[in-house]
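What's counted below: heavy atoms across the whole structure, side chains too, no hydrogens, waters or symmetry copies.
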Amino acid sequence: MTGYFIEIARGNLSHSEQKPLNLSAGEDEIIARIDLAALTSNNITYAVMGGPPLNYWDFFPASDPAWGIVPVWGYATVSESRSPHVAEGSRLFGYWPSATHVKLRPGPPKGEGFSDISAHRLGLAPVYNSYRPTPGVTPEAEPLIALFQPLYGTGFVLAQSLQGDIAAGRTIILTSASAKTALATAYNLKRAGHPAIGLTSPANRAFVEQTGFYAQVLTYDALESLDPAAPSVLVDFAGNGALKARLHRHLKALTASHIVGDTDWAAPADEPLEGPQPALFFAPTHWANRIREIGQQAFDSELNSSMAAFLATTPNWLKLETVQGPQGYTDSFNRLLTNKVRPNEGLIWRP
């Protein structure tokens, strides 16, 4: 099997190279052909935060430590199998490299799917190592699921983790309110009866309001209109240090500050902050904890039900765009890097 993979320079994310790929399955291994994957600001976060402690670069090692292969979420077909657990032709949803193909070593069946037990992935977050078949998913639904499944899962467990703050009557404030993970979080908070306040740029305000997911939408230049005395929780998807410092100075009753994303990845780094110090929200940990609490089947059921309701809203505000091949990937990745993808666009890459 021949194809290609795409590497990004870790020190210059706008610099990428296409490399040839030649894979064959060894004993107990499979080769999966990546058919489609979503490209979102989530992939920029994987690149910006690729090193320790999150170690996103480690899932698909590059040819040189100065380079990295950005993970993507989507669908693939098993083109070759020497595993007793996975049949050729199987359709899988999961976490893939920016490539045409990948080699996996499936472990024993786990629920309806399996985990990749390749040596280099042992010890990494289990949620990223899981692959599952997709019976009943239509070709029309696959792009939406690829686009939102990982983002929605993060927003889903994030909203659950904020239930204690909701019960205490604290105001939840989301930055980068147009980001897809922020939208998923806001949607779940609204379903819980406690819609959040969204902060966004002037250019994106009308779009964010159109979704109807937020109690109030403010532009960044109006954040000082927030009640500084109201007990509040900040959930930061932007990663802009200056913005975060403004919010920490203004919100005198801030009780917690969470770091989730890095959509404004080129903004200045954090400066000293007043109030509670930001803590990283690592969704896979909360995901695994919830599964331990209620079991895999119950968790999948509640997540899938919630996401189905969310996806039903997307025709009102989302436009899908398909890009092809290595050039389509590079152009789209650089658009994401420079914030040139509109919030109502969903990019689907077909290698």
Does [X] have any side-chain hydrogen bond (donor to acceptor under 3.5 Å, both in side chains) partners at least two apart in sequence or in another chain, and if so, which?
| X | answer |
| --- | --- |
| Ser98 | Tyr329 |
| Asn55 | none |
| Asp221 | Thr219 |
| Glu209 | Arg205 |

Let me see the working for Leu174 and Thr200 under side-chain contact (heavy atoms from CB on, under 4.5 Å), right down to the final yes or no. CA-CA 9 Å; Leu174 309 186; Thr200 191; over 6 Å; no

Whether the side chain of [X] engages the backbone of [Y] through a donor-acceptor N/O pair (distance < 3.5 Å, no angle test) should be reported.
| X | Y | answer |
| --- | --- | --- |
| Thr313 | Ala309 | no |
| Gln210 | Asn316 | yes |
| Thr40 | Asn42 | yes |
| Ser83 | His85 | yes |
| Asp116 | Arg121 | no |
| Ser301 | Gln297 | no |

Could you state the interatomic distance from CZ (Phe156) to CG (Leu151), rounded to the nearest 0.5 Å?
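If I round to the nearest 0.5 Å, the distance is 15.0 Å.
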
Q: Can you tell me which residue pairs pass the salt bridge (charged side-chain N to carboxylate O under 4.0 Å, His left out) test with a partner in residues 127-155, sequence neighbours excluded?
A: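 Listed once each, the pairs are Arg91-Glu142.
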
**Request:** Check side chain to side chain contact (heavy atoms under 4.5 Å, CB included) between Ser130 and all other residues, then give those that pass, not counting sequence neighbours.
**Result:**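 Partners of Ser130 under the side chain to side chain contact (heavy atoms under 4.5 Å, CB included) test: Ser115.
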
Is the number of heavy atoms from other residues, nucleotides or ligands under 6.0 Å of [X] [atom1] greater than 12?
| X | atom1 | result |
| --- | --- | --- |
| Arg342 | CZ | no |
| Glu224 | CD | yes |
| Gln277 | CD | yes |

For the residue pair [X] and [Y], establish whether any side-chain heavy-atom pair is separated by less than 4.5 Å.
| X | Y | answer |
| --- | --- | --- |
| Leu158 | Val235 | yes |
| Tyr46 | Ile8 | no |
| Phe60 | Pro71 | yes |
| Phe333 | Ile6 | no |
| Leu320 | Leu147 | yes |
| Ile197 | Tyr214 | no |

Audit row: Trp349, Thr322, side-chain contact (heavy atoms from CB on, under 4.5 Å) steps and yes/no
CA-CA 6 Å; Trp349 176 50; Thr322 299; over 6 Å; no

*Evaluate the ring-ring contact (aromatic ring centres under 6.0 Å, His included) criterion for residues Trp287 and Phe282: first the C-alpha distance (whole Å), next the side-chain angles of each, then the deciding distance (0.1 Å), finally the verdict.*
CA-CA 9 Å; Trp287 191 297; Phe282 188 52; over 10 Å; no

Give me the ring orientation class for [X] and [Y]: parallel if the planes are under 30° apart, tilted from 30 to 60°, perpendicular past 60°.
| X | Y | result |
| --- | --- | --- |
| Phe207 | Trp317 | perpendicular |
| Phe213 | Phe310 | tilted |
| Tyr128 | Tyr56 | perpendicular |

Looking only at side-chain N and O atoms, does Glu302 offer a donor or acceptor that is under 3.5 Å from a partner on Gln160?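 Short answer, yes.
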
Would Ser14 and Asn12 count as having a side-chain donor-acceptor pair, cut-off 3.5 Å?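 Side chains of Ser14 and Asn12: pair found under 3.5 Å.
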
Any chance you could lay out the side-chain contact (heavy atoms from CB on, under 4.5 Å) test for Tyr95 and Asn129, step after step, and finish with the verdict? CA-CA 7 Å; Tyr95 195 61; Asn129 290 336; 5.9 Å; no

Using the salt bridge (charged side-chain N to carboxylate O under 4.0 Å, His left out) criterion, which residues pair with [X]? Sequence neighbours excluded.
| X | answer |
| --- | --- |
| Glu293 | Arg290 |
| Asp165 | Arg170 |
| Arg335 | Glu321, Glu345 |
| Glu29 | Lys103, Arg105 |

Could you pull out every donor-acceptor pair under 3.5 Å between side chains of residues 63-70 and any protein atom, sequence neighbours left out?
unit_1 : atom_1 : unit_2 : atom_2 : d
Ser63  : OG     : Glu7   : OE1    : 3.0
Ser63  : OG     : Glu7   : OE2    : 2.9
Ser63  : OG     : Lys19  : NZ     : 3.4
Asp64  : OD1    : Ala66  : N      : 2.8

- Residues Phe114, Leu92; criterion side-chain contact (heavy atoms from CB on, under 4.5 Å); working and verdict: CA-CA 10 Å; Phe114 65 87; Leu92 302 173; 3.9 Å; yes

Identify each donor-acceptor pair in which a side-chain atom of residues 251-259 lies under 3.5 Å from a protein atom, sequence neighbours left out, and give them as a table.
unit_1 : atom_1 : unit_2 : atom_2 : d
Lys252 : NZ     : Arg249 : O      : 2.7
Thr255 : OG1    : Ser232 : O      : 3.1
Ser257 : OG     : His248 : NE2    : 3.0

Partner of Tyr152 by side-chain hydrogen bond (donor to acceptor under 3.5 Å, both in side chains), out of Asn188, Thr181, Asn304: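 Only match with Tyr152 under side-chain hydrogen bond (donor to acceptor under 3.5 Å, both in side chains): Asn188.
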
